[in-house]
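Here the structure is laid out as structure tokens; the discussion comes afterwards.
First the proteins, then the strands, lettered A, B, ... as listed; each starts at 1.
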Amino acid sequence: MSGTERIEKRGRYNFTEIEAKWQRYWQEHETFKVLNPSDCGADTSKPKYYVLDMFPYPSGAGLHVGHPLGYCATDIICRYKRMRGFNVLHPMGFDAFGLPAEQYAIEHNVHPADTTRANIETYRRQLKMFGFSYDWSREVATCEPDYYKHTQWIFLQMFKSWYDDQLEWTDPQGNQTIGRATPIEELVAQFKSGAWGVDADLELVRDKETPRREWVDLSKAERRQAVNNQRLAFIDEVAVNWCPALGTVLANEEVTNDGRSERGNHPVYRRPLRQWMLRITRYGDRLLNDLDDLDWPEPIKLMQRNWVGRSTGAEVIFPLAKDWAVEGGEWKCLCGSCADQPVFSDFPRSIKVYTTRPDTLFGATYMVLAPEHPLVGEIITDERKGEVETYVAQARNKSELDRTADTKEKTGVFTGAYAINPVNGKEIPIWIADYVLMGYGTGAIMAVPGHDTRDCEFAKAFDLRIIPVVMPTDEWLAQEEIRPADLQDVDVLSEASMRDLRDAYRKSPESFVEVFVDQGVAINSQQFDGMSTAECKTKITKWLESRCVGRTAVNYKLREWIFSRQKYWGEPFPVLHGEDGETIGLDESELPVELPPMDNFKPTPVEGDSDSVPEPPLGRAKAWATVERDGKDWRRDLNTMPQWAGSCWYYLRFIDPHNSDIFCASEAERYWMPIDLYVGGAEHAVLHLLYARFWHKVLFDLGHVSTREPFQRLFNQGMIQSFAARTSRGTVVAPKQLGLQEADGSITPLTDDQCMHFVNDDLPEEDVKRLVEQEGGEPVARVVAKMSKSLKNVVNPDSIIAEYGADTFRMYEMYMGPLDAAKPWNTQDVPGLFRLNQRIWRLVVDEFTGENSVDLVDVEPSDEALRLLHGTIKRVTEELEQLKLNTAIAALFDFVNGMTKLGKRPRKVIEPFVLLVSPFAPHLAEELWARLGHGKTLAYEPWPVHDETLAKDDEVEVAVQIMGKVKARITVHVDADEKTLEKVAMADAKIQSLLQGKTVRKVIVVKGRLVNIVAN
RNA sequence: GCGGCUGUGGCGGAAUUGGCAGACGCGCUAGAUUUAGGAUCUAGUGCCCAACGGGCGUGGAGGUUCGAGUCCUCUCAGCCGCACCA
């Protein structure tokens, strides 16, 4: 190591050489390579700790300062855990498939594989500069065939399974569970044996009472459909955001409010398209319930719960008035072709709705269908046809965002048809309105304008009846700002005026300013009158059930996952499509299905609102797309999987990254899972984490993984923000783009020094007045903003590392504030941490001679030095355990300050301190450890343990308060009891004088803290 | 609109969970030092006042308590998520 000699000669803290040296050392010695239990030499007696970072998407811009925030934190924890005797798995890889690479490829005519490879190299180089203790031998990239072979394999498992939601089983962890992913063969066997059948829509029917069709009577295509209707991965036609110009489906987030594509501003249309779907909703309950046992931030759990959006209520059937009548409580079919007294699951010519408020059924005065509802065409009367069709056509082309824009007024059309309210036999009009979404519930609602704000708005707009069926609480009725104008003066305390209010509500609920949507007491509901909302819900549902027109139901906001993209740079689907519409999964031995080499990734543009949908780019790879098998022609699927696919299981691949047979060997999986700590940004709070949990549960059901949940503990790092300026118009610009307006109107750009003062908010007042944005000359104010390319305030870690070193960078980011808080980057603060590292360096090294400092002494440390050390060990350890890394570093500062005061540095104190420093500034600590005479890395040295008796001072200062205000301080023994404390406090001269002429009422003593004297 | 989070000096942030508000760092002030180094060391640094004393201070207003940054009620501001979910 020639570099060391030079360092010794100069003796200064030369971070460049030290960091290069130790990074080389770690690499050469494979210091952080960790073994799997079956590997030769593995020590399975140690406890395991699996720490995972959210792996990055390698974009062209390279790493920014936000990435390493979480990575530094996990690295510190990993280094700490190793020293605490854990086998630590700490891997890193790249989420390498995705749209940006493809867009870049189209614009610059390069292959996404090439740019991705180059970007990965940049990222890897940058990540290595930080000295992270990753086991690089486990690196993966999701775009490599070795990797996506298994992504395809997992997809096949979903294609080959279905969710048996009634199967009761005990999972390997001993939990009683209902519902499980099961091989599709078991479903087919049940069909074949005649145990199960299907309904008219080829959906599964288990009981034999319900009218159903049997397997033997189904055509080949129908059988395939019946099975497809259950598969976890299936093909279905769904309404999507189709952008003809871009030639792809867009996510809702990629569509602007005026129905155009975010990228390119092209028109976007709602189109029903055949897409791969994953049946994630079957896991809704488990995705919800299993959150309870996870050590995640509550807000994230809440976001996931809201996303799943489970609600309970009832499905209710509203028969069409032209086809059904009620005679003597029995349903009578008017068309003659339907069975009288139909069963719930087979009630022809009726509208099924979902409601969370079956108790308000008597208040349902009209119905609304979503414009896309399949019954719309059937029920419109001839005279309404034109108007309805125009409305439906309009709604069809609106994006979801457009339709749900909040300020929008209610629109709709009457169909001319009526339905029968099953609770009272009354005929109610059926309307069509886009405030009802096809994607939720049944796509149809019963409207209760008396107790639903949206229905009320609609009813008022179209002059529909409003019937109150829930009497609000007195408290609600009595609110002044809600009461009708003519009842403003009543005395709400009297029972008589409450009666007036109730009568007024009964007569015209719309005269109250707000709609009552809460729980109350049923009115106008015949035999259910007087029941509480909760009771009424159950009773009405039971009543409906007994008449086969309703049943309890559960609904989710969660939608099935649209899983295909019309793009090149993603995982191909491992399936073949036959000419007759059959889709088969490939055999495992045929994986991976590699992407064909191509050089043109452009979508085929289509003009305007055409129904034709062009082929995805993969369609141009003609030879690849066609496969001959068993004498028949098959076609590959031309779609690819979305970017989420690879990240749904990467944490499993890290466990066994080079296994070419299976995605992850079971023994290793059982050893390492679940992940003990998962750190990443809150932007993945819902989608990635939900999708990955879903895949994991499928793998768990099928016996491929051993834990119900992948990520036991989750931690969200906060965003690194930037100081910026906001102009009076609201534009945000970086400090560098500011200037001072001179008297002649010209603008002088801010100097670096002035920028600093701007950031610190302490520019001289006359400068603040002249502060303007350079380009527009508009006045600005200081704000904290997101770092963004357009703001030109992105800080590149490379330059900071070059200037101050990786150890300083790591320390600075950890010292900025709490890990989970958003905080602004301030380069000005970096030198403070650089100074800390220099001071730590000088605790050991004499800067001039380069030898160990003469103050470093081999004598027994003083009590004071020991107290300092053990206090520091205690603090650092406790803060590390809680991921409070900012205050842990504050403890390091305190130690160095303390040592500076003490002068001499006993080796017995300095050595453990170097170990405490090592997770934070590993290069520095390794170098000092070597200079202290140790021959090998400190990465596996035991973590220092503090001795409580040494950490404590014998004496402690206690505050003495009078009436809660500190008036004096006394010094007492740490263990002094309450009585002693009180005595010493009362004896204090100052306290004595302040108590002159006052009566002591009470004395509160908190041991070791304070004495509070209550006196007047 | 609904839900969540956050408001503490000139700046970033501490505060043992109801017990001395402002740890630690940045910046600033003064001094020492010279090995002129992205130095170091010492002292100071919340605000106000008639200044070895006193008053006020954790977005604002109330409240509970011997005692509140911390708990309760109301309120303001900022950020994030969802958004016609029946």
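Residues Thr887(A) and Lys965(A) each lie close to RNA chain B; by heavy-atom proximity, the contact nearer the 5' end of the strand is made by Thr887(A). Nearer to the 5' terminus of RNA chain B, by closest-nucleotide assignment, is the contact made by Asn897(A) (compared with the other of Asn897(A) and Lys1002(A)).
Look at Asn886(A) and you'll find a side-chain N or O under 4.0 angstrom from OP1 or OP2 of A14(B). Side-chain nitrogen and oxygen atoms of Tyr440(A) include at least one within less than 4.0 Å of the OP1 or OP2 phosphate oxygen of A86(B). Taking side-chain N and O atoms only, Lys884(A) has a distance below 4.0 Å to OP1 or OP2 of A15(B). Within the structure, every side-chain polar atom (N or O) of Arg875(A) is placed at least 4.0 Å from both OP1 and OP2 of C24(B).
As the counterpart of U64(B), no nucleotide is assigned, since no Watson-Crick or G-U wobble pattern has both distances under 3.5 Å. As the counterpart of G81(B), C2(B) is assigned, both hydrogen-bonding distances of the Watson-Crick or G-U wobble pattern falling under 3.5 Å. Under the Watson-Crick or G-U wobble criterion, with both distances below 3.5 Å, U70(B) is left unpaired in every strand shown. When both pairing distances are held under 3.5 Å, G53(B) makes a Watson-Crick or G-U pair with C49(B). Nucleotide C24(B) has G12(B) as its partner under the Watson-Crick or G-U criteria, with both atom distances under 3.5 Å. Nucleotide U58(B) is matched to nothing when pairs are restricted to Watson-Crick or G-U wobble geometry with both distances under 3.5 angstrom. The partner of A32(B), taking Watson-Crick or G-U wobble pairs whose two distances both stay under 3.5 Å, is U40(B).
Using cut-offs of 30° and 60° for the angle between ring planes, the Phe893(A) and Tyr815(A) rings count as tilted. Ring orientation note: the planes of Tyr804(A) and Phe834(A) are nearly perpendicular, at an angle over 60° on the 30°/60° scale. Taking the six-membered ring where tryptophan is involved, the planes of Tyr691(A) and Trp561(A) are essentially parallel, since the angle between them stays under 30° and well short of 60°. Taking the six-membered ring for Trp and thresholds of 30 and 60 degrees, Tyr435(A) and Phe458(A) have ring planes inclined between 30 and 60 degrees apart.
Taking atom P on both C80(B) and C48(B), the two are 35 Å apart, rounded to the nearest angstrom. Taking atom P in both U64(B) and G69(B), the straight-line distance is 16 Å, to the nearest Å. A77(B) and U29(B): their C1' atoms are spaced 34 Å apart (whole Å). The P atoms of G7(B) and C72(B) are separated by 15 Å, rounded to the nearest whole Å. Using C1' as the reference atom, A15(B) and C24(B) are 12 Å apart when rounded to the nearest Å. Of the P atoms belonging to A86(B) and U6(B), the separation is 28 Å, rounded to the nearest Å. Nucleotides U58(B) and C82(B), compared at atom C1', are 32 Å apart to the nearest Å. To the nearest whole angstrom, the two C1' atoms, one in C28(B) and one in G53(B), are 27 Å apart.
One interatomic measurement links the two molecules: CG of Asn837(A) to C1' of G37(B), which rounds to 17 Å at whole-angstrom precision. For the pair Arg12(A) CZ and U40(B) C1', the computed distance is 13 Å after rounding to whole Å. One interatomic measurement links the two molecules: CG of Leu1010(A) to C1' of U65(B), which rounds to 14 Å at whole-angstrom precision. The distance between atom NE2 of His684(A) and atom P of G81(B), rounded to the nearest whole Å, is 13 Å. Rounding to whole angstrom units, CH2 of residue Trp307(A) and C1' of G3(B) are separated by 14 Å. Atom pair Arg835(A):CZ and U40(B):P shows a separation of 6 Å (rounding to whole Å applied). Rounded to an integer number of Å, the gap from Tyr556(A) OH to C82(B) C1' is 19 Å. Between the P atom of G19(B) and the CG atom of Asn1012(A) lies a distance of 13 Å, rounded to the nearest Å.
Glycosidic conformation, U17(B): syn, with the torsion inside 90° of 0. Under the 90° criterion around 0 for the glycosidic angle, G9(B) counts as syn.
Between the base of G13(B) and the side chain of Tyr815(A) there is no donor-acceptor pair shorter than 3.5 Å. Judged by distance alone, with hydrogens and angles left aside, Glu803(A) brings a side-chain donor or acceptor within reach of the base of G38(B), the pair sitting under 3.5 Å. A donor N or O paired with an acceptor N or O is found under 3.5 Å between the base of C84(B) and the side-chain atoms of Lys410(A). Side-chain N/O atoms of Arg1009(A) and base N/O atoms of U16(B) include a donor-acceptor pair closer than 3.5 Å.
One side chain, Glu879(A) or Thr887(A), offers a donor N or O that lies under 3.5 Å from an acceptor on the other.
Using a 4.0 Å heavy-atom criterion, one finds that Glu957(A) contacts the bases of the nucleic acid, with or without backbone contacts as well. Using a 4.0 Å heavy-atom distance criterion, Ala822(A) is classed as a sugar-phosphate-only contact. Residue Pro299(A) is classed as a sugar-phosphate contact, given heavy-atom separations below 4.0 Å to backbone atoms only. Within 4.0 Å (heavy atoms only), Arg1001(A) reaches no atom of the nucleic acid at all. The residue Ile1004(A) sits close to a base: some heavy atom pair falls under 4.0 Å. Contacts of Phe893(A) with the nucleic acid, taken as non-hydrogen atoms under 4.0 Å apart, involve only primed sugar atoms and P, OP1 or OP2. Using a 4.0 Å heavy-atom criterion, one finds that Glu298(A) contacts no nucleic acid atom at all.
One N or O on the side chain of Arg357(A) and one on the backbone of Val517(A) form a donor-acceptor pair closer than 3.5 Å. For the pair Gln304(A) (side chain) and Ala685(A) (backbone), a donor-acceptor distance under 3.5 Å is present.
The pair Asp855(A)-Arg842(A) does not meet the salt-bridge criterion, since no charged nitrogen lies less than 4.0 angstrom from a carboxylate oxygen.
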